[in-house]
Amino acid sequence: MTVAAVIVAGGSGLRAGGEKPKQYQMIGGKPVIWWTCRAFLDHPGIDHVQAVIGEGHEAMFAEAVKGLDLPLPVIGGSTRQESCRIGVAAVARVSPAKILIHDAARPFVSADLIGSVIGWLDRFPAVVPGMAVAETLKFAPGGIVSRTVDRSSIWTAQTPQGFAYDQIRAAYDKAETERTQGLTDDASVAEHAGIAISMIPGRHENRKLTTPEDIEIANRDMTARSLHNLPDIRVGQGIDVHPFEEGDAVTLCGVAIPYSQRLKGHSDADVAMHALTDAILGTIGEGDIGTHFPPSDPQWKGAPSRIFLERAMELLAAKGGMIANADITILAEAPKIAPHVAAMKDVLAPLLHAEPSRIAIKATTMEKLGAIGRKEGIMAYATVTVRLP
């Protein structure tokens with residue numbers, strides 16, 4: 001018996017703020033939608049996972065779910081109802097007997113809840129998890145209380161909502177044929193078609209992310225949860241030095257700092273990012289930059305050092321690891337580093353899949369001692385702590 005899951009991610013997510021829709025914002029070092037899709041991919045009761053995304057989100061989605069074994073997404077419609085209808089139709093090719101439909105913005109869905117919905121579908125054609133309302137409800141049109149609402153039979157609805165596949169597809173087709181709009185969830189579509197729906201207990205942690213505060217709290221919770229599940233702690237160190245040559249800017253941690261010289265090297269000579277890359281590679285025993293990107297190879301001439309850092313992070317992710325902390329010290333008489341630290345953290349945080357608070361960038365001089373003290377170049381040290389399964 002095939003069970004399909006449709007992950008609905010077509011919304012704009014504007015209320016969450018930020019430059020990206022909420023489903024693509026980072027929590028725990030990964031985009032929200034990555035965590036959501038992984039929860040269903042990892043569940044033994046789910047055979048097929050299909051994402052429905054917004055028009056123009058193809059590149060964001062591909063980047064967000066990198067490393068997950070997902071089919072190509074389908075493009076949703078202008079409303080959630082239309083996006084779900086498209087997603088339900090898209091999984092017909094795998095002939096599912098059951099289907100679960102879930103909001104991408106609920107990344108804390110548990111395996112236990114997914115399993116409960118699947119199991120209850122043996123007894124009912126439609127199953128909706130939810131929470132019984134615990135607080136007193138007031139009906140107050142215009143802000144003036146007119147009566148107290150009996151809450152004894154009132155539930156809030158969560159996802160994943162589960163259905164017998166043939167019945168929910170027919171229900172969506174019925175709503176489309178009748179041009180019925182404004183059905184806010186899949187259970188509303190089932191209800192409109194006269195399908196019997198069972199409510200089962202949801203989970204408090206299965207909250208929907210909506211506001212910037214939700215994203216911030218989810219980031220803290222997911223980071224703590226992820227690190228807790230990674231007990232193998234390792235520390236790596238990286239050191240690099242580059243001399244100056246003629247130029248007009250020094251690149252450090254991906255930020256171009258105006259200066260009367262530049263750093264000399266085969267790539268962009270970002271000494272701080274090189275040290276950081278070597279430190280990460282050291283935590284997993286994967287050699288150094290030269291092992292993966294030989295300076296004798298002409299394709300890396302002038303290359304941005306973020307390529308090297310991204311490769312190190314890919315190797316770390318392949319082992320299931322996460323950055324717990326990165327500490328970088330830059331030794332330079334000039335240029336001044338401190339005014340650019342915030343910008344450097346902004347560059348590194350998404351590359352390391354870590355909060356800026358887990359990245360330290362410090363600068364010091366050599367008190368005019370040695371080659372660095374004579375302003376002949378810049379040296380950087382990096383120490384990285386990672387956690388692995």
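Computed from a prediction, not measured in an experiment: that's the story for all the values here.
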Using only atom types and a distance under 3.5 Å, with no angle test, would you say the side chain of H292 pairs donor to acceptor with the backbone of I289? no

Are L41 and I27 linked, directly or through other ILVMFWY residues, by side chains that come within less than 4.5 angstrom of each other? yes

Check the pair V386, I323 against side-chain contact (heavy atoms from CB on, under 4.5 Å), reporting the backbone distance first and the verdict last. CA-CA 5 Å; V386 305; I323 298 289; 3.8 Å; yes

Spatial distance of atom OG1 (T277) from atom CD (E310) [nearest 0.5 Å]: 10.0 Å

Is a side-chain N or O of S146 found less than 3.5 angstrom from the main chain of F139, in a donor-acceptor match? yes

So which atom in I195 and which in A171 form the shortest heavy-atom distance, rounded to 0.1 Å? CD1-CB, 4.1 Å

Answer yes if the side chains of D268 and S305 hold a donor-acceptor pair under 3.5 Å, and no otherwise. yes

Flag if over 12 foreign heavy atoms under 6.0 Å of CD, Q299: yes

Report yes or no: does Y165 contribute a side-chain atom to a donor-acceptor pair with the main-chain N or O of V88 at less than 3.5 Å? yes

Verdict with supporting geometry, L263 and L252, side-chain contact (heavy atoms from CB on, under 4.5 Å): CA-CA 10 Å; L263 290 173; L252 294 171; 4.3 Å; yes

Do L316 and L388 come within less than 4.5 Å of each other through their side chains, counting heavy atoms only? yes

side-chain contact (heavy atoms from CB on, under 4.5 Å) for M344 and I257? Distances and angles first, verdict last. CA-CA 10 Å; M344 292 178 186; I257 301 173; 3.7 Å; yes

Are any non-hydrogen side-chain atoms of M273 and L348 less than 4.5 angstrom apart? yes

Indicate the atoms forming the closest heavy-atom contact of P160 with L113, along with that distance. CD-CD2, 4.1 Å

Can you check whether T283's main-chain N or O pairs, donor with acceptor, with R234's side chain at less than 3.5 Å? yes

Single-linkage hydrophobic cluster, 4.5 Å side-chain cutoff, V49 and I99 together: no

Side-chain donor or acceptor of Q25 paired with backbone N/O of Q23 under 3.5 Å: no

Salt-bridge test for D232 and K319: reply yes if a basic N is under 4.0 Å from a carboxylate O, no otherwise. no

Look at the aromatic rings of H274 and H242 and report parallel, tilted or perpendicular, splitting at 30° and 60°. perpendicular

Counting only N and O atoms by type, is there a donor-acceptor contact under 3.5 Å from the side chain of D103 to the main-chain atoms of V8? no

Do any N or O atoms from the side chain of K345 and from the backbone of I359 form a donor-acceptor pair under 3.5 angstrom? yes

Hey, any chance L121 and V6 share a hydrophobic cluster, counting ILVMFWY side chains that come within less than 4.5 Å of each other, even indirectly? no

Return each pair, listed once, that meets ring-ring contact (aromatic ring centres under 6.0 Å, His included) where at least one residue sits in residues 27-54; pairs must be two or more places apart or across chains. F40-H102

What are the two closest non-hydrogen atoms of Y172 and Q81, and how far apart are they? CE2-O, 3.4 Å

Would R358 and M322 count as a side-chain contact (heavy atoms from CB on, under 4.5 Å) if you check the C-alpha gap in whole Å, the side-chain angles of each, and the deciding distance to 0.1 Å? CA-CA 11 Å; R358 293 183 177 273; M322 288 182 64; over 6 Å; no

Other residues, nucleotides and ligands only: do more than 12 of their heavy atoms fall within 6.0 Å of CD1 on I144? no

Quick check for you: to the nearest 0.5 Å, what is the distance between I197 atom CD1 and F163 atom CZ? 6.5 Å

Hydrophobic clusters here meaning ILVMFWY residues chained together by side-chain heavy-atom distances under 4.5 Å, can you tell me if V109 and L70 are in one? yes

Sub-4.5 Å side-chain heavy-atom contact between M131 and P201: no

Indicate whether the side chain of D112 and that of S110 have a donor and an acceptor atom separated by less than 3.5 Å. no

If you compare all heavy atoms of V271 against all heavy atoms of D240, which two are closest, and at what distance to 0.1 Å? CG2-O, 3.2 Å

If you measure from CE on M199 to CD on Q161, what distance do you get to the nearest 0.5 Å? 8.0 Å

Looking at side-chain heavy atoms only, is the closest gap between N219 and M26 below 4.5 Å? no

Spell out, as yes or no, whether a donor-acceptor pair under 3.5 Å connects the side chain of R151 to the backbone of A134. yes

Would you find a donor on one side and an acceptor on the other, under 3.5 Å apart, between the side chain of Q50 and the backbone of I7? no

Ion pair present between K22 and D214, side-chain N to carboxylate O less than 4.0 angstrom? no

Quick check: do I280 and L309 have side-chain heavy atoms less than 4.5 Å from each other? yes

Are M60 and P21 side-chain neighbours, meaning at least one heavy-atom pair lies under 4.5 Å? yes

If you define the side chain from C-beta out and look only at heavy atoms, does anything of W155 sit under 4.5 Å from V128? no

Can you tell if the side chain of Y24 reaches within under 4.5 Å of the side chain of I53, non-hydrogen atoms only? yes

What is the distance from atom CD of Q158 to atom NE2 of H204, rounded to the nearest 0.5 Å? 9.0 Å

Any salt bridge linking D186 with R80? Criterion: basic side-chain nitrogen under 4.0 Å from a carboxylate oxygen. yes

Would you list the pairs meeting salt bridge (charged side-chain N to carboxylate O under 4.0 Å, His left out) in which at least one residue belongs to residues 373-389, sequence neighbours left out? R374-E376

Between D327 and K362, is there a side-chain N and carboxylate O pair less than 4.0 Å apart? yes

Assess whether atom CG of L72 is packed by more than 12 heavy atoms of other residues, nucleotides or ligands within 6.0 Å. no

Do NZ/NE/NH1/NH2 and the carboxylate oxygens of D270 and R306 come within less than 4.0 Å? no

Does a donor on one side chain sit under 3.5 Å from an acceptor on the other, for T211 and E213? yes

Output for pair (R220 CZ, S357 OG), nearest 0.5 Å, gives 10.0 Å

So which atom in A334 and which in Y259 form the shortest heavy-atom distance, rounded to 0.1 Å? CB-OH, 3.5 Å

Considering all heavy atoms, the nearest K336-H340 contact: O-CD2, 3.4 Å

When clusters are formed by joining ILVMFWY residues with side-chain heavy atoms under 4.5 Å apart, either directly or through shared neighbours, do L183 and V127 land in the same one? no

First locate atom CG of D278, then atom CG of D288, and finally report the distance between them rounded to the nearest 0.5 Å. 5.0 Å

Atom CD of E246: over 12 foreign heavy atoms under 6.0 Å: no

